[in-house]
Amino acid sequence: MWPEKCQFSFGKKTLYFSSLAVAALVVLGWYSYFPETSSYWHSRYIFSCKANSEGSDYFSSSPDNVNVIHLKRMVYPKPETLKPPYIRFLKTFIETAEKFFMVGYPVNYYIFTDLVGNVTNFNMTVGPRKQLIFLEVPSYKRWQDVTMRRMQMIRDFTKQRFASEVDYLVCVDVDMRFQDHVGVEILSDVFGTLHPAFFVKGRDKFTFERRPESQAYIPEDEGDFYYAGGYFGGKVEEVYKLTNHCHHAMLTDKANNIEAIWHDESYLNNYFLYYKKPTKILSPEYLWNERDGTAFYLRKRRLISLHKNADEVRN
């Protein structure tokens, strides 16, 4: 299930919304369902902002070494195309983004999905100077692989397409609802968003990866903030560096049979602590959970994470 991320573009500036599940790099979630392995594929959105496209030498890194694996034949029930767990969120996401996200600017919504035919049948329209673009991506059996592979997919599409189309990427999950203004105030070289569940908690409560052998490792006495994996972004070249680093860190761990505790979010937190501090940090008003009601320290709740049955959408 992948329509989990989207991208937006505005003016000479193009904005990406991403959710892999916005992909702001935006995220809509599709999961290909295999009951015996409890696996779904989800999609994301990406938003992008384009000011100019000069200079793409940050893509000079060599291709990854990849081992080709031939899988055995698999027999499983036909996926329920009319009941995709994450597709249900796409319409609300786009409709509310049209009301509150980068109002007055041209925006491209890039939606990652492994079932392009199903999403394109949805009756969704966007306003003037807006585009809805569906990008086909592979599916994976486990939801953990889906969420971790988002870094690779954002990186690859950045090199193949986004670098020549936009200047900024905003990566967001699709199971979200905008309910207040979100504009150019979020843009910076690279930005992260404070996770609402850890906003008022001490460092000892952060769920960082604690195994020293992992590339995502952060000791218990280190760490500035706990960042949410479902909302980050920045200039195209910076998002490329971030996603490329996280992807290679995951591959290193995978080669050593290690899977970080919170997958891509664990590597994102490690990157923001040791490799590139965010040049802008968004408060939880930009990513709030509807189950948590209100909080005395929040005057606005601009983007809401919708309540869902995790077992249903993942398994």
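- Residues Thr96 and Thr92 meet the side-chain proximity criterion, which asks for heavy atoms closer than 4.5 Å.
- Here the closest non-hydrogen pair linking Asn269 and Tyr227 is OD1-N, 2.8 Å.
- In this structure, Lys235 does not pair ionically with Glu238, as no charged nitrogen and carboxylate oxygen lie closer than 4.0 Å.
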Task: Intermediate values then yes/no, side chain to side chain donor-acceptor pair (under 3.5 Å), Glu222 and Tyr274 - done: CA-CA 10 Å; Glu222 295 185 25; Tyr274 296 126; 2.5 Å; yes
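- The shortest distance between side-chain heavy atoms of Glu209 and Asn270 does not fall below 4.5 Å.
- By the rule that hydrophobic residues join a cluster once side-chain heavy atoms approach within less than 4.5 Å of another member, Leu268 and Ile258 end up as members of separate clusters.
- Of the inter-residue distances, the one linking Leu242 atom CG with Thr158 atom OG1 reads 10.0 Å to the nearest 0.5 angstrom.
- Using a 4.5 Å cut-off on side-chain heavy atoms (C-beta onward), Val239 and Val190 make no contact.
- Side-chain rings of Tyr110 and Phe162 approach one another, their centers coming within less than 6.0 Å.
- Linking ILVMFWY side-chain heavy atoms closer than 4.5 Å, directly or via other members, places Tyr217 and Tyr275 in two distinct hydrophobic clusters.
- The residues Arg161 and Glu165 are annotated as salt-bridged, a charged nitrogen and a carboxylate oxygen being separated by less than 4.0 angstrom.
- Taking CD from Glu259 and OG from Ser266, the interatomic distance works out to 9.5 Å, rounded to the nearest 0.5 Å.
- Taking the ring centroids of Phe206 and Phe225, they lie at or beyond the 6.0 Å cut-off.
- In summary, the aromatic rings of His245 and Tyr271 are positioned with their centroids under 6.0 Å apart.
- Of all non-hydrogen atoms in Gly229 and Asp264, the two that sit nearest each other are O-OD2, 4.3 Å.
- Aromatic ring centres of Phe112 and Phe134 lie farther apart than the 6.0 Å criterion allows.
- Between the side chains of Ser214 and Asp253, at least one donor N or O lies within less than 3.5 Å of an accepting N or O.
- A 4.5 Å side-chain heavy-atom check between Leu287 and Leu282 finds every atom pair outside the cut-off.
- The existence of a salt bridge linking Glu285 and Lys300 is excluded, since no basic side-chain nitrogen approaches an acidic carboxylate oxygen closer than 4.0 Å.
- When all heavy atoms of Phe191 and Leu169 are compared, the pair lying nearest together is CE2-O, 4.3 Å.
- Without hydrogens or angle criteria, Arg129 side chain to Gly104 main chain gives a donor-acceptor distance under 3.5 Å.
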Task: From CA spacing to verdict: side chain to side chain contact (heavy atoms under 4.5 Å, CB included), Asp224, Leu273 - done: CA-CA 7 Å; Asp224 301 323; Leu273 179 60; 3.7 Å; yes
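- Of the possible donor and acceptor atoms, one in the side chain of Arg302 sits under 3.5 Å from a partner among the backbone N and O of His181.
- A distance-only check finds no donor-acceptor pair linking the side chain of Glu265 to the backbone of Ala228 [under 3.5 Å].
- Follow the hydrophobic side-chain contacts under 4.5 Å out from Leu187 and you never reach Val103; the two are in separate clusters.
- Between the CH2 atom in Trp288 and the CZ atom in Arg177 there is a gap of 14.0 Å [rounded to 0.5 Å].
- Look at Lys91 and Glu95 and you find a salt bridge, because one of the NZ, NE, NH1 or NH2 atoms lies within 4.0 Å of a carboxylate O, short of that distance.
- The structure places OG of Ser305 at 5.0 Å from CG of Asp175, a figure rounded to the nearest 0.5 Å.
- Just one residue in the list Phe208, Tyr226, Tyr267 forms a side chain to side chain contact (heavy atoms under 4.5 Å, CB included) with Trp262, and that residue is Tyr226.
- Clustering ILVMFWY residues whenever any of their side-chain heavy atoms sit less than 4.5 angstrom apart, transitively, puts Leu306 in the very cluster that holds Phe101.
- Between the CZ atom in Phe178 and the CG atom in Leu303 there is a gap of 5.0 Å [rounded to 0.5 Å].
- The minimum heavy-atom distance between Lys159 and Tyr240, with the atom names listed, is CB-CE1, 4.1 Å.
- Taking CD1 from Ile304 and CE from Met176, the interatomic distance works out to 9.5 Å, rounded to the nearest 0.5 Å.
- The closest side-chain heavy-atom distance from Met153 to Thr243 is not below 4.5 Å.
- Annotation: side chain of Lys276 is not in contact with side chain of Lys241 (no heavy-atom distance under 4.5 Å).
- Heavy atoms only, all atoms of each residue included: Leu132 and Ile111 are closest at CD1-CD1, 3.4 Å.
- Among all heavy-atom pairs drawn from Met151 and His247, the shortest one is CB-N, 4.3 Å.
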Open item on the list: Could you go through Lys280 and Asp189, starting from their C-alpha distance and side-chain angles, then the distance that decides it, and tell me whether this counts as salt bridge (charged side-chain N to carboxylate O under 4.0 Å, His left out)?
Closed with: CA-CA 8 Å; Lys280 182 170 287 187; Asp189 281 359; over 6 Å; no
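- Sorted by first then second residue, the side-chain hydrogen bond (donor to acceptor under 3.5 Å, both in side chains) pairs that include residues 190-204, not counting sequence neighbours, number zero.
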TODO: Evaluate the side chain to side chain contact (heavy atoms under 4.5 Å, CB included) criterion for residues Arg301 and Leu298: first the C-alpha distance (whole Å), next the side-chain angles of each, then the deciding distance (0.1 Å), finally the verdict.
DONE: CA-CA 7 Å; Arg301 294 179 298 161; Leu298 286 185; 4.1 Å; yes
TODO: Show your working on side chain to side chain contact (heavy atoms under 4.5 Å, CB included) between Arg210 and Glu220 and close with a plain yes or no.
DONE: CA-CA 7 Å; Arg210 300 301 190 186; Glu220 292 187 4; 3.8 Å; yes
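- A donor-acceptor pair shorter than 3.5 Å can be found between the side chains of Glu185 and Tyr286.
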